[in-house]
Amino acid sequence: MTTDQPLKIAIQKSGRLSDDSRQLLRECGISIQNGKNALIARARNFPLEVLYLRDDDIPQYVADGTADVGIVGQNVVAEAGFEVAEVRALGFGGCRLSLAVPKSVDYPGLHWFEGKKVATSYPSILSRFLSEKGIRAEVHTISGSVEIAPNIGLADGIADLVSSGSTLFSNGLKEVEVIMHSEAVLVARPHLPKGKKAMLDKLVFRIDAVQRAARSKYVVLNAPNDRIEAISRILPGMKSPTVVPLARPGWSALHSVINEDEFWEVIDELKAAGAQGILVVPIEKMIY
Ligand code: PRT
Ligand code: ZN
């Protein structure tokens with residue numbers, strides 16, 4: 001209960017989420033010294049202790065208080081069914097849990113699965129999905145290499161995670177239904193003590209700054225002074241760019257922060273309005 005206790009965060013020890021999880025903490029300015037095989041590490045400059053776990057164990061450890069927060073896929077949270085609060089979606093580890101059938105099947109719709117056998121590592125999510133849709137199918141739980149089940153005659157179809165689709169493809173399967181979309185999320189134990197809640201707020205504040213920065217670019221462009229107004233109107237989402245006079249008389253530099261996606265839509269307009277020497281620079285942190 002004391003505020004001296006660090007916030008304990010569980011992240012995947014090794015696997016698809018581990019590099020991005022570590023990188024996120026690094027970008028939040030949290031430096032962790034750990035030996036390659038450490039199971040637990042203390043941050044040097046933030047009241048944080050990192051627990052390295054298998055992803056499947058993270059929801060339970062967060063729910064029972066072994067860890068206060070964790071970084072894990074929504075698919076794992078949904079499957080585990082423990083009570084944890086989703087604090088932030090983190091934008092990495094994106095995938096979907098989908099139903100797939102052999103390529104040769106002329107798939108008519110979900111009712112195809114009626115009476116069929118479906119192999120998966122996600123029996124809870126799959127059973128819930130099928131019963132919501134009123135489909136009675138046999139759910140066969142296997143823990144790995146689900147994609148080979150139809151080929152060896154173990155099941156008619158599968159429910160598995162898909163990202164590029166190449167695993168399905170190379171096993172002669174095709175994706176026919178998306179059960180859920182998933183990405184990595186920061187989850188927290190409900191009812192964190194006050195001191196820990198304050199540390200979590202601090203961590204989330206930093207995560208927000210990092211994520212905002214990742215979506216934004218700093219733009220610097222030059223323009224004749226009589227074009228400043230027209231260009232300012234084009235720059236999306238900015239009430240008022242910074243205008244700095246150039247040494248060359250009658251010219252200014254405009255500085256602005258814009259969403260990278262929007263930038264490509266307006267670049268031609270900016271040029272047509274007289275913008276020159278457009279620089280687009282990454283932003284490291286953005287604090288509001
Ligand atoms: O050892 P530990 O239990 O911690 O790890 P793990 O082996 O159970 O999980 P890991 O590291 O494979 O995945 C961790 C998390 O990454 C998952 O829970 C998802 O939230 C997320 N994620 C994102 C994925 C994928 N994309 C993904 N493509 N997890 C698994 N896959 C697998 C999928 O199961 C299939 O075998 O990749 C294959 C499909 O990929 P494509 O690109 O061929 O479609
Ligand atoms: Zn796992």
Side-chain angles (χ1 to χ4, degrees), residues 8-25 32 34 36-41 50-64 66-67 69-82 84-103 107 118-129 139-152 154-155 157-188 207 211:
K8 287 187 270 180
I9 185 167
I11 66 173
Q12 191 186 25
K13 180 165 169 49
S14 67
R16 285 166 195 265
L17 305 183
S18 51
D19 285 349
D20 286 329
S21 302
R22 286 167 216 247
Q23 191 187 333
L24 178 65
L25 294 179
I32 299 148
N34 56 300
K36 258 264 171 256
N37 295 312
L39 296 177
I40 195 159
V50 184
L51 277 60
Y52 298 101
L53 300 172
R54 287 201 56 186
D55 67 343
D56 315 72
D57 295 332
I58 292 176
Q60 181 178 2
Y61 279 36
V62 171
D64 73 16
T66 307
V69 297
I71 295 178
V72 66
Q74 286 166 316
N75 54 305
V76 174
V77 175
E79 180 63 24
F82 290 101
V84 294
E86 192 175 306
V87 182
R88 282 293 183 278
L90 299 175
F92 57 84
C95 57
R96 50 201 189 270
L97 180 64
S98 291
L99 283 165
V101 301
K103 253 179 226 154
Y107 183 73
V118 188
T120 189
S121 308
Y122 293 88
S124 303
I125 302 174
L126 176 59
S127 303
R128 221 159 36 228
F129 175 80
V139 173
H140 186 77
T141 308
I142 47 180
S143 58
S145 304
V146 173
E147 64 280 357
I148 64 167
N151 289 325
I152 59 171
L154 197 67
I158 66 165
D160 199 11
L161 298 177
V162 183
S163 42
S164 68
S166 66
T167 302
L168 292 183
F169 185 80
S170 55
N171 283 279
L173 302 172
K174 61 180 177 187
E175 185 178 5
V176 291
E177 307 278 350
V178 176
I179 300 172
M180 74 176 285
H181 289 272
S182 177
E183 68 180 282
V185 285
L186 179 71
V187 291
I207 290 174
Q211 290 195 321

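All ligand and atom numbering here is 1-based and tracks the order in the structure. Side chains are part of it too, since the values below use all heavy atoms of this structure and drop only hydrogens, waters and symmetry mates.
Taking 4.5 Å as the limit, some side-chain heavy atom of Lys103 sits within range of a side-chain heavy atom of Phe169. Here the side chains of Ile58 and Val76 are not in contact, with every heavy-atom distance at 4.5 Å or above. Inter-residue side-chain proximity for Tyr52 and Ile11 is flagged as met; some heavy-atom pair is nearer than 4.5 Å.
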Start with the C-alpha gap between Val178 and Val162, add the side-chain angles, then the distance that decides, and say whether side-chain contact (heavy atoms from CB on, under 4.5 Å) holds. CA-CA 9 Å; Val178 176; Val162 183; over 6 Å; no
side-chain hydrogen bond (donor to acceptor under 3.5 Å, both in side chains) between Glu147 and Thr167, worked out: CA-CA 7 Å; Glu147 64 280 357; Thr167 302; 6.0 Å; no
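What sits closest to atom 35 (C) of ligand 1 on the protein, heavy atoms only, is Leu161 O, 3.6 Å. Protein heavy atom at the shortest distance from atom 41 (P) of ligand 1 is Ser164 OG, 3.3 Å. Shortest contact from atom 1 (O) of ligand 1 to any protein heavy atom: Arg54 NE, 3.6 Å. For atom 21 (C) of ligand 1, the closest non-hydrogen atom of the protein is Gly93 O, 3.9 Å. For atom 14 (C) of ligand 1, the closest non-hydrogen atom on the protein side is Asp55 OD2, 3.4 Å. In terms of protein heavy-atom proximity, atom 28 (N) of ligand 1 is closest to Ser163 OG, 2.9 Å.
Less than 4.0 angstrom separates some heavy atom of Gly165 from each of these atoms of ligand 1: 41 (P), 42 (O), 44 (O). The contact set between ligand 1 and Gly94, taken as ligand atoms under 4.0 Å from a residue heavy atom, comprises 23 (C), 26 (N). Close approach to Val162 involves these atoms of ligand 1, each under 4.0 Å from a residue heavy atom: 44 (O). Numbered from 1 in the order shown, with element, the atoms of ligand 1 that lie under 4.0 Å from a heavy atom of Gly73 read 20 (O).
In this structure, of Glu183, Glu147, Lys13, Arg16, the residue bringing a heavy atom nearest to atom 30 (C) of ligand 1 is Arg16. Remark: among candidates Asp160, Thr167, Ile58, Asp56, the nearest residue to atom 43 (O) of ligand 1 is Thr167, based on non-hydrogen atoms. Closest heavy-atom approach to atom 22 (N) of ligand 1 within the set Ser143, Cys95, Ser98, Gly15: this belongs to Cys95. One option in Leu53, Val76, Leu17, Val77 has a heavy atom closer to atom 15 (C) of ligand 1 than any other, and that option is Leu17.
For the atom pair NZ of Lys8 and CG of Leu51, the computed distance is 7.0 Å after rounding to the nearest 0.5 Å. The distance from atom CG of Leu90 to atom CG of Leu17, rounded to the nearest 0.5 Å, is 9.5 Å. A distance of 11.5 Å separates CD in Gln23 from OG in Ser18, rounded to the nearest 0.5 Å. Summarising the geometry, atom CD belonging to Glu183 is positioned 11.0 Å from atom CG belonging to Asn75; distances are rounded to the nearest 0.5 Å.
Shown are the protein N/O/S atoms under 2.8 Å from the Zn ion (ligand 2), given by residue and atom: Asp55 OD1, Asp56 OD1.
For Asn75, every heavy-atom contact with ligand 1 shorter than 4.0 Å involves the side chain, none the backbone.
Using modelled atom types, no side-chain atom of Gln12 and backbone atom of Asp55 make a donor-acceptor pair closer than 3.5 Å. Using a distance-only test at 3.5 Å, with no hydrogens or angles considered, no donor-acceptor pair links the side chain of Asn171 to the main chain of Leu173. In this structure, the side chain of Ser121 engages the main chain of Ile142 through a donor-acceptor pair within 3.5 Å. Of the possible polar contacts, one joining the Glu79 side chain to the Ile125 backbone as a donor-acceptor pair under 3.5 Å is found. With Gln74 contributing its side chain and Ala89 its backbone, the two residues share no donor-acceptor pair below 3.5 Å.
Residue Leu168 has no nitrogen or oxygen atom sitting less than 3.5 Å from a nitrogen or oxygen atom of ligand 1, judged on distance alone. For ligand 1, the polar-atom distance check finds an N/O of Gln12 within less than 3.5 Å of one of the ligand's N/O atoms.
Atom OH of Tyr61 is surrounded by 12 or fewer heavy atoms from other residues, nucleotides or ligands within 6.0 Å.
Put simply, no part of Gly144 is less than 4.0 Å from ligand 1, judged by heavy atoms.
Atom 7 (O) of ligand 1 is never approached by the protein to below 4.0 angstrom, counting heavy atoms only.
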